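The model shown is predicted, which means the values in this text are computed figures rather than measured ones. Quick note on labels: first sequence line is chain A, next is B, and so on, each numbered from 1.
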Protein chains: 2
Amino acid sequence: MPETAVQLDVETRQRLLNVAAELFAEHGFNHVTIREICQAAGANLAAVNYHFRDKLGLYKEVVQMAADAMNKFKAEILDTVEPQPPEERLRGYIRLTLHRLLDPHQESWMEKLIARETTDPTPAIDLIIEKGIKPTVERNGRMVGELLGTTLDDPRVWQCFLSVQGQCLFYKMSMPVTLRMAPPGFQYTSEVVDALAEHVYQFSLAGIRALAAQPAPPQMGWRS
Amino acid sequence: MPETAVQLDVETRQRLLNVAAELFAEHGFNHVTIREICQAAGANLAAVNYHFRDKLGLYKEVVQMAADAMNKFKAEILDTVEPQPPEERLRGYIRLTLHRLLDPHQESWMEKLIARETTDPTPAIDLIIEKGIKPTVERNGRMVGELLGTTLDDPRVWQCFLSVQGQCLFYKMSMPVTLRMAPPGFQYTSEVVDALAEHVYQFSLAGIRALAAQPAPPQMGWRS
DNA sequence: ATCGACTTCAAACACCTGTATAAATCATAC
DNA sequence: GTATGATTTATACAGGTGTTTGAAGTCGAT
């Protein structure tokens with residue numbers, strides 16, 4: 001059993017995964033050819049088929065990476081924010097999320113790929129949901145629930161959370177349009193993102209508080 | 001000058017446009033083949049080349065249709081809503097928008113196609129921006145501006161508008177994921193959308209009012 | 001040094017795609 | 001009815017795609 005040979009292939013395997021992640025995120029599954037990936041990774045054309053059976057096998061593994069990264073990243077944000085009081089927790093969550101999403105300095109292949117799968121899912125979307133989204137649903141809900149003064153089964157919890165998350169993700173997803181609508185030379189600098197985050201925070205906190213003052217209508221929750 | 005001949009080709013031309021609109025919206029530019037379109041439209045393979053020069057020519061014309069439809073649709077909503085007092089105007093805007101976006105009974109190829117171009121633009125995105133978005137920017141801004149008690153050059157106007165629009169569009173764009181996260185059998189029925197709209201309205205109105213109480217930070221506006 | 005595994009390589013295959021072309025068909029105008 | 005121009009048809013082409021294959025290479029264990 002020569003397991004050093006595995007060492008070697010791990011190298012090109014990883015190289016393929018890294019290159020493929022960026023290319024898939026940037027151009028989408030169908031816009032990227034195996035030949036491009038292999039050339040960029042300095043590997044032979046047949047490498048993808050050898051290591052991942054086929055193009056879709058490679059893609060699925062890339063999505064898996066993205067889901068794991070997303071989970072880790074969301075958990076990090078929540079860890080950072082959790083010791084603070086509820087209001088500051090929300091503010092921090094929004095700020096960190098937006099920076100992660102919008103800062104041009106951030107590696108963002110993961111977000112791009114997930115945005116792609118969100119609006120235009122492939123069979124790999126289940127991976128993202130199971131490993132990237134569901135694990136943090138509860139913690140996210142608690143963050144909002146505390147501000148609302150209710151528990152997770154209150155429908156307002158996920159409605160409000162979606163309103164917050166929606167604003168953040170919308171800025172990411174509509175970036176190509178926003179950049180064309182904004183004045184020439186506009187960029188999401190750190191200061192701009194900070195200001196944006198502050199706006200979303202103020203806006204959302206007021207929204208949450210307003211809804212906290214109302215009775216909850218009976219409605220459905222989330223699958224867990 | 002045989003101009004009745006034009007009549008005839010208008011027919012297959014229109015048939016091609018209609019079929020292509022749905023297919024492009026559903027599967028994206030690269031997932032749809034000319035052969036599929038022509039077969040679905042009952043036209044010959046060469047029909048696309050004859051009537052639209054090439055595949056991209058057809059696509060651009062479809063996007064043009066979508067941009068016009070979007071402009072018209074947004075204008076209709078604003079027309080419907082404009083005579084009402086500011087709060088009801090916002091509520092109606094959100095309700096009509098969400099119904100248009102989420103109701104499964106609505107023809108939604110236009111929204112799907114625009115969502116596609118928003119997150120993943122082709123050269124045709126400019127058409128959407130120029131003919132679909134920009135014409136209504138000012139009216140949208142006025143709607144929010146009135147609630148804020150400021151004018152269009154106040155950066156809070158478009159920030160708040162984007163927060164509202166962002167929530168609405170987010171529900172549309174993340175529909176594939178939402179449907180998987182929601183309980184089995186969940187659908188965007190008219191009642192569900194109404195409830196959702198009411199939430200977005202309450203949430204956003206509170207957000208806007210909260211920001212109206214603060215001084216505006218100096219910042220950039222929109223390209224016009 | 002040799003064996004045997006794992007890995008890489010170059011080439012080819014089969015398929016599908018957008019596009020072009022020339023013949024056939026159609027509807028109208030004279 | 002025939003000529004004319006617009007439209008449709010069938011077919012062919014050139015390029016690119018994912019995938020396969022068998023030979024060559026690599027490297028550690030014996």
Donor-acceptor side-chain pairing of B:D120 and A:H27 below 3.5 angstrom: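 No, no side-chain donor-acceptor contact under 3.5 Å.
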TODO: Indicate whether any N or O donor in one side chain lies under 3.5 Å from an N or O acceptor in the other, for B:Q167 and B:Y201.
DONE: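 The criterion, which ignores hydrogens and geometry beyond distance, is not satisfied for B:Y201 and B:Q167.
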To the nearest 10 degrees, the angle between the two end axes of the helix from C:dA1-D:dT30 to C:dC30-D:dG1 (five pairs per end) comes to 10°
Would you say C:dT8 has OP1 or OP2 under 4.0 Å from some side-chain N or O of A:H51?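 Looking at the OP1 and OP2 atoms of C:dT8, one of them is under 4.0 Å from a side-chain N or O of A:H51.
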Within this structure, what is the [atom1]-to-[atom2] distance between [X] and [N], rounded to whole angstrom?
| X | N | atom1 | atom2 | value |
| --- | --- | --- | --- | --- |
| A:Q39 | D:dG16 | CD | P | 13 Å |
| A:Y59 | D:dG18 | OH | P | 14 Å |
| A:H31 | D:dT17 | NE2 | P | 11 Å |
| A:L58 | D:dT17 | CG | P | 16 Å |
| B:Y50 | C:dA24 | OH | C1' | 14 Å |

What residue pairs, at least two apart or across chains, pass salt bridge (Lys or Arg N to Asp or Glu O under 4.0 Å) with a residue in residues 36-64 of chain B?
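Qualifying pairs, neighbours excluded: B:R13-B:E61.
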N-O pairing of A:D126 and A:K134 below 4.0 Å: no
So ring pair (Phe, Tyr, Trp, His ring centres under 6.0 Å) across residues 52-81 of chain B, not counting sequence neighbours, yields B:F24-B:Y59, B:F29-B:Y59
Sequence neighbours excluded, the answer for side chain to side chain contact (heavy atoms under 4.5 Å, CB included) partners of B:T119 is A:T119, A:M173, B:M173
Which of A:R116, A:H31, A:K112 passes side-chain hydrogen bond (donor to acceptor under 3.5 Å, both in side chains) with A:E26? It is A:K112
Across all chains, not counting sequence neighbours, the ring-ring contact (aromatic ring centres under 6.0 Å, His included) partners of A:Y188 are A:F186
Atom pairs under 3.5 Å, N or O on each side, protein against nucleotides 15-20 of chain C: can you list them with distances?
from	atom 1	to	atom 2	distance (Å)
C:dG18	OP1	B:V32	O	3.4
C:dG18	OP1	B:K55	NZ	2.7
C:dG18	OP2	B:I34	N	2.9
C:dG18	N7	B:R35	NH1	2.9
C:dG18	O6	B:R35	NH2	3.0
C:dT19	OP2	B:K55	N	2.9

